[in-house]
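As the structure is a computational prediction, the values presented were derived from the model and not from experiment. Note that the numbering runs from 1 along the sequence shown for the chain.
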Amino acid sequence: MEGNLRNRAQQLKEKRPGYATLLDFYVAIREAQQQSKPRVQVVSAKPANGSTAASAFPLTGDAGFPVDIKSSVSLFDKLCRLGNTANQYLASQVKSIKQAIADGKLNLEALLAGGCRAGSVEQTAVNQGLDAQVLSFLVVNSTRPSIEAARDQLLKGVKSNEWRECSCPVCSSPPVLSLLEGDPARRHSLCSYCGHRWRVDRVSCSCCGNSDPDSLHSFFDEDEKTCRIDLCDKCHQYMKTIECGNLEESDPVLEDLATLHLDVVAIEKGYARTVPNFWIARRTLDS
């Protein structure tokens, strides 16, 4: 996986040199997560009500995902080291975060166990005078291997083929991207939290479910053969759609990062991205 990811990133950097630093940083983060996966140990994750029927969705209920704290702490430290070399602002925030942990003002294990969906990380950052985007970015990416492992356990024996809702059938989170996969191409949503992919209707808004064709629009760049932006006039949100079938290496997030100029156009048109993207937070990733 690492070789393919690096190869695809190199192709994208040659085409769009301005994205080189961002793509290199993403590849480094993703490789660190992949290296962490073999060490992840999560308690047996089972559907919240014990059922594997569609009526059990979302599978996590209110319990959320179990997190391997030890491996997440180790990955957190590694991501902090990567952040130290990314840019000056991120390095300064990492220093402040590490100091808050050393002083006992920030309970890292509690943050990792709680995840990011309840807003606890953001509130902790505000209380400690830290950048909430940076702290959330580190926590989310440190727990990612645990979340993915628990998700895979939850999905064993579960059939979600009939699920067509906008929210994830595993954890109820909204999608971050829309994907066209397979032959013939079928449309899937990619969960913003656990990374699950589930089938959705081809002609509908991935954000709100609107299926009125008169209020659904899209645009693309002639130079982008694998990506388009879908707009909805009902919820005034947009979703980026990646045609994975045309890619040598199907890492949708990598493709997303290499087409941020399309996000700018959508925002200028008055549409909002459904889920804030940690990777494109200006203060987090700019030098």
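The CG atom of Leu108 lies 9.5 Å from the CD1 atom of Ile97; values are rounded to the nearest 0.5 Å. Of the inter-residue distances, the one linking Ser189 atom OG with Trp163 atom CH2 reads 12.0 Å to the nearest 0.5 angstrom. For the atom pair CD1 of Ile29 and NZ of Lys78, the computed distance is 10.0 Å after rounding to the nearest 0.5 Å. Interatomic distance, CG of Leu22 versus CG of Leu254, reported as 9.0 Å (0.5 Å rounding). For the atom pair Gln34 CD and Arg144 CZ, the distance stands at 11.5 Å (nearest 0.5 Å). Annotation: the span from Cys80 atom SG to Gln93 atom CD amounts to 11.0 Å, rounded to 0.5 Å.
Placement of Phe220 and Met239 in two distinct hydrophobic clusters is found when ILVMFWY residues are connected by side-chain heavy-atom separations under 4.5 Å, directly or transitively. Hydrophobic clustering (side-chain heavy atoms under 4.5 Å, transitive across Ile, Leu, Val, Met, Phe, Trp, Tyr) keeps Phe219 apart from Leu216. Put simply, Ile101 and Val73 are part of the same group of oily side chains (I, L, V, M, F, W, Y) that touch within less than 4.5 Å, one to the next.
Salt-bridge check for Arg30 with Glu148: passed, with a basic side-chain N closer than 4.0 Å to an acidic carboxylate O. Checked for salt-bridge contact, Asp256 and Arg273 meet the test: a charged N lies under 4.0 Å from a carboxylate O. The pair Arg187-Glu181 does not count as a salt bridge, with every side-chain nitrogen at least 4.0 angstrom from each carboxylate oxygen. Under a 4.0 Å N-O distance rule, the pair Lys98/Asp77 qualifies as a salt bridge. Between Arg228 and Asp221 there is no salt bridge, since no side-chain N of the basic residue sits under 4.0 Å from a carboxylate O of the acidic one.
With no hydrogens or angles considered, no side-chain donor-acceptor pair links Tyr271 and His217 at under 3.5 Å. Side chain to side chain, Gln11 and Asn7 fail the donor-acceptor criterion of an N or O pair below 3.5 Å. Neither side chain, Lys70 nor Gln41, offers a donor N or O lying under 3.5 Å from an acceptor on the other. Neither side chain, Lys240 nor Ser178, offers a donor N or O lying under 3.5 Å from an acceptor on the other.
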- request: Apply side chain to side chain contact (heavy atoms under 4.5 Å, CB included) to Cys191 and Val176, showing your working.
  value: CA-CA 6 Å; Cys191 179; Val176 65; over 6 Å; no
- request: Begin with the C-alpha distance, continue with both residues' side-chain angles, and end with the deciding distance and a verdict on side chain to side chain contact (heavy atoms under 4.5 Å, CB included) for Phe137 and Asp131.
  value: CA-CA 10 Å; Phe137 176 85; Asp131 188 313; over 6 Å; no
message: Would Lys105 and Gln99 count as a side-chain hydrogen bond (donor to acceptor under 3.5 Å, both in side chains) here? Give the steps.
response: CA-CA 9 Å; Lys105 297 179 180 179; Gln99 189 61 54; over 6 Å; no
query: Step by step, would you call Leu106 with Leu130 a side chain to side chain contact (heavy atoms under 4.5 Å, CB included)?
result: CA-CA 11 Å; Leu106 192 156; Leu130 302 170; 3.7 Å; yes
message: Could you walk me through whether Leu155 and Leu59 satisfy the side chain to side chain contact (heavy atoms under 4.5 Å, CB included) test, starting with their C-alpha distance in whole Å, then the side-chain angles of each, then the deciding distance to 0.1 Å, before giving a yes or no?
response: CA-CA 8 Å; Leu155 285 168; Leu59 299 176; 4.1 Å; yes
- prompt: Can you list the steps and then say if Lys13 with Asp24 is a salt bridge (Lys or Arg N to Asp or Glu O under 4.0 Å)?
  reply: CA-CA 9 Å; Lys13 288 190 294 181; Asp24 284 341; 2.7 Å; yes
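Although no hydrogens or angles enter the test, the distance criterion places no donor-acceptor pair under 3.5 Å between the side chain of Glu243 and the main chain of Leu179. When atom types are taken as modelled, the side chain of Ser204 and the backbone of Val200 share no donor-acceptor pair closer than 3.5 angstrom. Under a 3.5 Å cut-off, the side chain of Arg199 and the backbone N or O of Arg164 do not form any donor-acceptor pair. The backbone N or O of Ala32 lies less than 3.5 Å from no partner atom in the side chain of Ser36, so there is not a single donor-acceptor pair. Panel note: side chain Asp201, backbone Val203; no donor-acceptor pair is recorded below 3.5 Å. In this structure, the side chain of Ser172 does not engage the main chain of Cys168 through any donor-acceptor pair within 3.5 Å. A donor-acceptor pair is defined here as one N or O able to donate and one able to accept, closer than 3.5 Å; such a pair exists between the side chain of Ser192 and the backbone of Pro174. Between the side chain of Gln33 and the backbone N or O of Asn141 there is at least one donor-acceptor pair closer than 3.5 Å.
When each of Ile69, Leu112, Val67, Leu75 is paired with Ser146, the side-chain contact (heavy atoms from CB on, under 4.5 Å) condition holds for Val67 and for no other. Tyr238 pairs in a side chain to side chain donor-acceptor pair (under 3.5 Å) with only one of the listed residues (Asp263, Thr274, Asp230), which is Asp263. With Phe76 as reference, Leu138 is the one residue of Leu138, Thr143, Leu111 to meet the side-chain contact (heavy atoms from CB on, under 4.5 Å) rule.
Taking 4.5 Å as the limit, every side-chain heavy atom of Pro145 sits out of range of all side-chain heavy atoms of Ser71. Between Leu231 and Lys269, some side-chain heavy-atom pair lies under the 4.5 Å cut-off. At least one side-chain heavy atom of Glu122 sits under 4.5 Å from a side-chain heavy atom of Ser136. For the pair Leu257/Leu23, a side-chain contact is recorded, criterion being any heavy-atom separation below 4.5 Å from C-beta on. Side-chain contact between Arg186 and Arg202 is absent, with no heavy-atom pair separated by less than 4.5 Å. Side-chain atoms of Thr241 and Ile229, non-hydrogen and from C-beta on, never get closer than 4.5 Å to each other. When side chains are defined from C-beta on, Thr85 does not count as touching Arg81, because their heavy atoms never get closer than 4.5 Å.
Taking the six-membered ring where the residue is Trp, Phe65 and Tyr193 present tilted rings, their angle falling between 30° and 60°.
Across all non-hydrogen atoms, the minimal contact from Trp198 to Cys166 is CZ2-O, 3.1 Å. Across Leu190 and Gly195, no two heavy atoms sit closer than the pair CD1-O, 3.4 Å. Between Leu82 and Ala28, the shortest heavy-atom contact is CD1-O, 3.8 Å. Nearest heavy atoms, Arg151 versus Cys194: NH1-O, 2.6 Å. In terms of heavy-atom proximity, Cys232 sits nearest to Cys205 at CB-SG, 3.5 Å. Across every non-hydrogen atom of Leu180 and Ala185, the tightest pair is CB-CB, 4.3 Å.
Crowding of Glu109 atom CD: a count of heavy atoms from other residues, nucleotides or ligands under 6.0 Å not exceeding 12.
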